[in-house]
2 protein chains.
Amino acid sequence: MIALDFWYEFASSYSYPAAMRIADVAAARGVTVTWRPFLLGPIFAAQGWRDSPFNIYPAKGRYMWRDLARIAARERLAFKRPSRFPRHTLAAARVALVGVGQGWVADFSRRVYAANFAEDREISEPAVLAEILTELGLDANAILEQSRAPDNKTALRDQITEAETLGIFGAPSFTVGQELFWGNDRLEEAVDFASG
Amino acid sequence: MIALDFWYEFASSYSYPAAMRIADVAAARGVTVTWRPFLLGPIFAAQGWRDSPFNIYPAKGRYMWRDLARIAARERLAFKRPSRFPRHTLAAARVALVGVGQGWVADFSRRVYAANFAEDREISEPAVLAEILTELGLDANAILEQSRAPDNKTALRDQITEAETLGIFGAPSFTVGQELFWGNDRLEEAVDFASG
């Protein structure tokens, strides 16, 4: 099987439809997806941004919310504009990284996206993450503890460094080896590239 | 016939494939295109940018050139990365606006894009614009003079103001009434929207 890396940030609005679509799109073309949760904060900070560009540039932000609503309607995805944007995602990203090793990262990530962009829940709160983990039949307390262990914190920092090395500057991004594709709009192209 | 407004800037890299594709895509769906040349410079300046974001943010710029090469290959468009980017486009935009009233704006615009992004020619130079006009069988000297007339300068400024009022923040953009679509990737969606 050919593999595609899916780089996503839980606060990223366009990562929401990508996360909901990628499993089906990739499976239809025989491509395996490696879920790579990371954080855009450090990458944006390196570009001089202390906030989402959608907040820094209001016209761009207004357009994004309208565009995202159109995409959600087309994809039949529930959508509700979050009352807080962007939400803090350090805790969620650390938990997701634990899930990479334990096989539940995709299910967890889809639920976190739905919580953020369809249910307007505060995904920065450990209690919300715990609820999602419990719904998945997992031991929430044990996983939250693992997520805060030094080796997992280091693993997330390494993941961000690897994203930067690959030239990633936004989310969602898809990589196949060194080839980079950026944006929900490029999902099909990235999967086609991966499937040769 | 339903009309779609096509907002483009001659320096804009992603406007190149959009300009080359739009006539066919729109005609296939029975949609009329109104070509709306404008300038991004004043709009970027209002966002605090004195240069293209693709130059300000190098990772984004590296990606854009790779992505544009992939798009050009897919669309079978000649492509050569311009040795100067972005080029000054005030003169070209003024000439194009004359062409809106005289019926040759689409042909002229496609040739200017090819000059900039396939032939690496200096489209800021009136001599290059004159050559293109002459190739189209037009009176280059008369048109260049018209393009610099006060009413045409005012018309371009009004065009930019209208773009800002519509919430346009980048190019290419497409509008159908108040509905805004941004990016070459949104061309089909915009045309579908226009055709109801």
Side-chain angles (χ1 to χ4, degrees), chain A residues 7 14 17-18 40 42-51 53-75 160-161 163-190 192-193, chain B residues 7 14 17-18 40 42-51 53-75 160-161 163-190 192-193:
Chain A
W7 299 85
Y14 285 113
L40 275 178
I43 290 174
F44 282 179
Q47 296 176 23
W49 297 337
R50 300 279 150 196
D51 194 355
F54 296 125
N55 291 337
I56 299 173
Y57 307 110
K60 210 179 170 85
R62 273 190 299 275
Y63 173 76
M64 180 275 285
W65 291 116
R66 174 69 188 133
D67 191 45
L68 192 63
R70 289 189 307 228
I71 292 169
R74 194 173 64 229
E75 301 289 338
I160 297 165
T161 303
E164 283 182 301
T165 305
L166 284 162
I168 288 172
F169 55 91
S173 288
F174 314 97
T175 55
V176 183
Q178 298 296 308
E179 195 76 13
L180 171 63
F181 300 86
W182 173 53
N184 176 56
D185 296 327
R186 290 288 176 281
L187 172 57
E188 282 77 5
E189 187 182 353
D192 285 346
F193 185 91
Chain B
W7 299 85
Y14 285 112
L40 275 178
I43 290 174
F44 282 178
Q47 296 175 24
W49 297 336
R50 299 280 149 197
D51 194 355
F54 296 124
N55 291 336
I56 299 173
Y57 307 110
K60 209 178 169 85
R62 273 190 299 275
Y63 174 77
M64 179 274 287
W65 291 115
R66 174 69 188 134
D67 190 46
L68 192 64
R70 289 189 305 228
I71 292 169
R74 194 175 62 227
E75 302 288 337
I160 297 165
T161 303
E164 283 181 303
T165 305
L166 284 163
I168 289 172
F169 55 91
S173 288
F174 314 97
T175 55
V176 183
Q178 297 297 309
E179 195 76 14
L180 171 63
F181 300 86
W182 173 53
N184 175 57
D185 296 327
R186 290 287 176 281
L187 173 56
E188 282 77 5
E189 187 182 353
D192 285 344
F193 185 91

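Keep in mind it's a predicted model, so treat the numbers as computed, not measured. Chain letters run A, B, ... following the sequence lines, proteins first and then strands; every chain starts at 1.
Note that NZ of Lys60(A) is 3.5 Å distant from CH2 of Trp182(B), once rounded to the nearest 0.5 Å.
Arg186(B) and Ile71(A) get closest at one heavy-atom pair: NH2-CD1, 3.7 Å. Across every non-hydrogen atom of Ala59(A) and Gly167(B), the tightest pair is CB-O, 4.0 Å.
Within the 4.5 angstrom heavy-atom criterion, no atom of Arg62(B) approaches chain A. Heavy atoms closer than 4.5 Å to chain A are found in the side chain of Glu189(B), but not in its backbone.
Within a 6.0 Å sphere centred on CZ of Arg50(B), other residues, nucleotides and ligands contribute 12 heavy atoms or fewer.
Aromatic ring centroids of Phe169(A) and Tyr63(B) lie under 6.0 Å apart.
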Would Phe181(B) and Arg70(A) count as a side chain to side chain contact (heavy atoms under 4.5 Å, CB included) here? Give the steps. CA-CA 10 Å; Phe181(B) 300 86; Arg70(A) 289 189 307 228; 3.4 Å; yes

